Amino acid sequence: MSRYVIDKAKLDENIELVKSKAGVDVIGVVKGNGYGFGIKEFTIALKEHGIKTFAVTEVTDIPVLKEILDGEDILVMRSTCLENEAEIIARNGATATIGSLEAAEVMNRVSEKLGVTTKCHLKIDTGMGRYGFMPSQIEEAIKCYSYPNLKFTGAYTHFSSAFRNAPLTKAQLVMFKDAMEQIKKAVGEVGTIHAANSPALLNVEDVCLDSVRIGSAFTGRVITKSKSGLNRLGSLEAEVVEVKTVPAGYSIGYNGLYTTKRETKIAIVPIGHYDGFGLTKEKEQYDFHYVLSVFKRFLKKQQMYVRINGEMHYVIGGIGLSHTAVDVTGTDIKAGDLASVDISPLMVNPRIERVYK
């Protein structure tokens, strides 16, 4: 049976390195099933290091977090105009994101109906183009502070290109600071302000405000221009379940797309597409260097591989839904030996067990 294994000691090192680099409070972003590390397990690990605020995008994550939190804040990083989502946020005492007047109206109405005051963070859109008030809408943003059942405890923006464009990131930060100064003059105290995400913290200087929002950096799987010192964490593991030897000219896998050129020893590993192996996380932008890298891989006919007992062995016959055949000719590999693949935690099936060692 496959499982996704995280080295807990190295995760601890990553958390402390991030906290040291930030120098301000860290908001632990645990969206996407804890960036694939398992939302409960990941959150508990961050709690152990004193992190007090956790951020998600799905309101369905709020009850899951409340089971393991002891009064820590939950920030929902989604400005929503849906009453059912607003009700889950308000009823559970989470902090809402307000990125439009309509979202403010809905959250205020729901909060009034429930007889509660809902904590909120204002969202300013400085170029991401999703949630938030644009700098030209500051007057609308200021109106949100007048709703009686909303209590604004912070504000933030989101950088669009911190992993590759430092000048743009700094320009976004200037826009955000300017917007917040205008709002402060109108409403007074605005609470905790934050902007930097993982790529910004690791790639751009002087972007940390009152706090930073960090998720992918903890996993060690984040785009950086130089060495970050972070440990790259997570591997999909399973034991070899079968070993067999086939003659030359033998077809392997669906449609017989691979034919052995010699007598071949094969190890069968119970890892496949269902687990997330062989799936790829598409890049959000396709620049020249990315297209060139894809073309180079095509020319080289780059193969997938599996590590067995620490040694690299190539996949043959393609990757199946639940099984993969691996060429282990010339080795003494046997059933029960440990196989592993390096795979982004975001691609691993959420049903696969997360194991912290």
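Treat the numbers as computed from the prediction; the structure is a model and nothing was measured.
Side-chain contact between L338 and I308 is absent, with no heavy-atom pair separated by less than 4.5 Å. Looking at heavy atoms from C-beta onward, V326 lies out of side-chain contact with Y314 at the 4.5 angstrom threshold. No side-chain heavy atom of I27 sits less than 4.5 Å from a side-chain heavy atom of F54. Residues V348 and R354 form a side-chain contact, since some pair of their non-hydrogen atoms from C-beta on lies under 4.5 Å apart. In this structure, K334 and V240 have side chains that are not in contact, with every pair of non-hydrogen atoms separated by 4.5 Å or more. Side-chain contact check for V59 versus I62: some heavy-atom pair is nearer than 4.5 Å. Using a 4.5 Å cut-off on side-chain heavy atoms (C-beta onward), I98 and K123 make no contact. Taking the side chain as every heavy atom from C-beta outward, F159 and F176 never approach each other to under 4.5 Å.
A distance-only check finds a donor-acceptor pair linking the side chain of T260 to the backbone of G249 [under 3.5 Å]. In terms of modelled atom types and a separation under 3.5 Å, the side chain of N165 and the main chain of L168 share a donor-acceptor contact. The backbone N or O of K227 lies less than 3.5 Å from no partner atom in the side chain of T224, so there is not a single donor-acceptor pair. A donor-acceptor distance shorter than 3.5 angstrom exists from the side chain of Q172 to the backbone of S160, with no hydrogens or angles considered. N108 contributes no side-chain N or O that, together with a main-chain N or O of A104, makes up a donor-acceptor pair within less than 3.5 Å. For the pair S20 (side chain) and E16 (backbone), a donor-acceptor distance under 3.5 Å is absent. For N92 (side chain) and A94 (main-chain N/O), no donor-acceptor pair under 3.5 Å exists by modelled atom type. Looking only at distances, a side-chain donor or acceptor of N14 sits under 3.5 Å from a matching main-chain atom of F218. Between the N203 side chain and the P199 main chain, a donor and an acceptor come within less than 3.5 Å of each other. A donor-acceptor pair is defined here as one N or O able to donate and one able to accept, closer than 3.5 Å; no such pair exists between the side chain of Y356 and the backbone of L11.
Side chains of T126 and T157: a donor on one and an acceptor on the other come within 3.5 Å. Under the 3.5 Å distance criterion, with hydrogens and angles disregarded, a donor-acceptor pair is assigned to the side chains of T329 and R262. Between the side chains of N349 and D275, no donor-acceptor pair is found at a separation under 3.5 Å. A donor-acceptor contact under 3.5 angstrom links the side chains of T97 and Y156, judged on distance only. Side chains of R213 and H194: a donor on one and an acceptor on the other come within 3.5 Å.
Atom CG of L69 is separated from atom NZ of K52 by 10.5 Å, given to the nearest 0.5 angstrom.
In the hydrophobic cluster analysis, where Ile, Leu, Val, Met, Phe, Trp and Tyr join through side-chain heavy atoms closer than 4.5 angstrom, Y147 is grouped together with I183. I193 and Y131 fall into different hydrophobic clusters, where Ile, Leu, Val, Met, Phe, Trp and Tyr side chains are chained together by heavy-atom contacts under 4.5 Å. Residues L122 and V106 are members of separate hydrophobic clusters, defined by side-chain heavy-atom contacts under 4.5 angstrom among Ile, Leu, Val, Met, Phe, Trp and Tyr. One hydrophobic cluster holds both I89 and L65 under the rule that ILVMFWY side chains link at heavy-atom gaps under 4.5 Å. Y305 and M347 fall into different hydrophobic clusters, where Ile, Leu, Val, Met, Phe, Trp and Tyr residues are linked whenever their side-chain heavy atoms come under 4.5 Å apart, directly or through other members.
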If you apply the rule side chain to side chain contact (heavy atoms under 4.5 Å, CB included), what do you find for K151 with C120, and how did you get there? CA-CA 6 Å; K151 179 183 179 182; C120 302; over 6 Å; no
Side chain to side chain contact (heavy atoms under 4.5 Å, CB included) between E87 and K113: does it pass, once the steps are laid out? CA-CA 9 Å; E87 183 169 339; K113 182 178 69 175; 3.9 Å; yes
Dump the intermediate steps for side chain to side chain contact (heavy atoms under 4.5 Å, CB included) on H313 and T331, then the final yes or no. CA-CA 10 Å; H313 300 280; T331 74; 3.6 Å; yes
Step by step, would you call V222 with L202 a side chain to side chain contact (heavy atoms under 4.5 Å, CB included)? CA-CA 9 Å; V222 60; L202 299 174; 3.4 Å; yes
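Atom NZ of K19 has more than 12 neighbouring heavy atoms from other residues, nucleotides or ligands inside a 6.0 Å radius. Around atom CD of E48, more than 12 heavy atoms belonging to other residues, nucleotides or ligands sit under 6.0 Å away. Within 6.0 Å of CE on M134 lie no more than 12 heavy atoms contributed by other residues, nucleotides or ligands. Other residues, nucleotides and ligands contribute over 12 non-hydrogen atoms within 6.0 Å of the NZ atom of K265. Atom NZ of K8 is surrounded by more than 12 heavy atoms from other residues, nucleotides or ligands within 6.0 Å. Surrounding NZ of K184 are at most 12 heavy atoms belonging to other residues, nucleotides or ligands under 6.0 Å away.
Between P135 and M175, the shortest heavy-atom distance links the atoms CG-SD, 4.3 Å. Annotation for A90 and V110: closest pair CB-CG1, 4.4 Å, computed over non-hydrogen atoms. Nearest heavy atom pair, residue S2 against residue A238, reads CA-CB, 3.9 Å. Nearest approach of L46 to G28, heavy atoms of both residues: CD1-CA, 4.0 Å. Between A217 and S198 the shortest heavy-atom distance is N-OG, 3.1 Å. Listed here is the closest heavy atom pair of L82 and T80: N-OG1, 3.1 Å.
Sorted by first and then second residue, the pairs that involve residues 73-86 and meet salt bridge (charged side-chain N to carboxylate O under 4.0 Å, His left out), not counting sequence neighbours, are E58-R78, D73-K119, R78-E85, E83-R109.
Across L173, V212, L201, N197, a single residue satisfies side chain to side chain contact (heavy atoms under 4.5 Å, CB included) together with V207, and that is L173. Of the residues listed (V5, V306, I271), the one engaging L236 in a side chain to side chain contact (heavy atoms under 4.5 Å, CB included) is I271, and it is the only one.
Considering only residues two or more places apart in sequence or on other chains, D178 meets the salt bridge (Lys or Arg N to Asp or Glu O under 4.0 Å) condition with none of them.
Through chains of ILVMFWY side-chain contacts below 4.5 Å, V241 is grouped with V246, Y250, I252, Y258, I266, I268, I316.
Taking a cutoff of 4.0 Å between a charged side-chain nitrogen and a carboxylate oxygen, D342 and R221 qualify as a salt bridge. With salt bridges taken as basic N to acidic carboxylate O contacts below 4.0 Å, none links E105 and K143.
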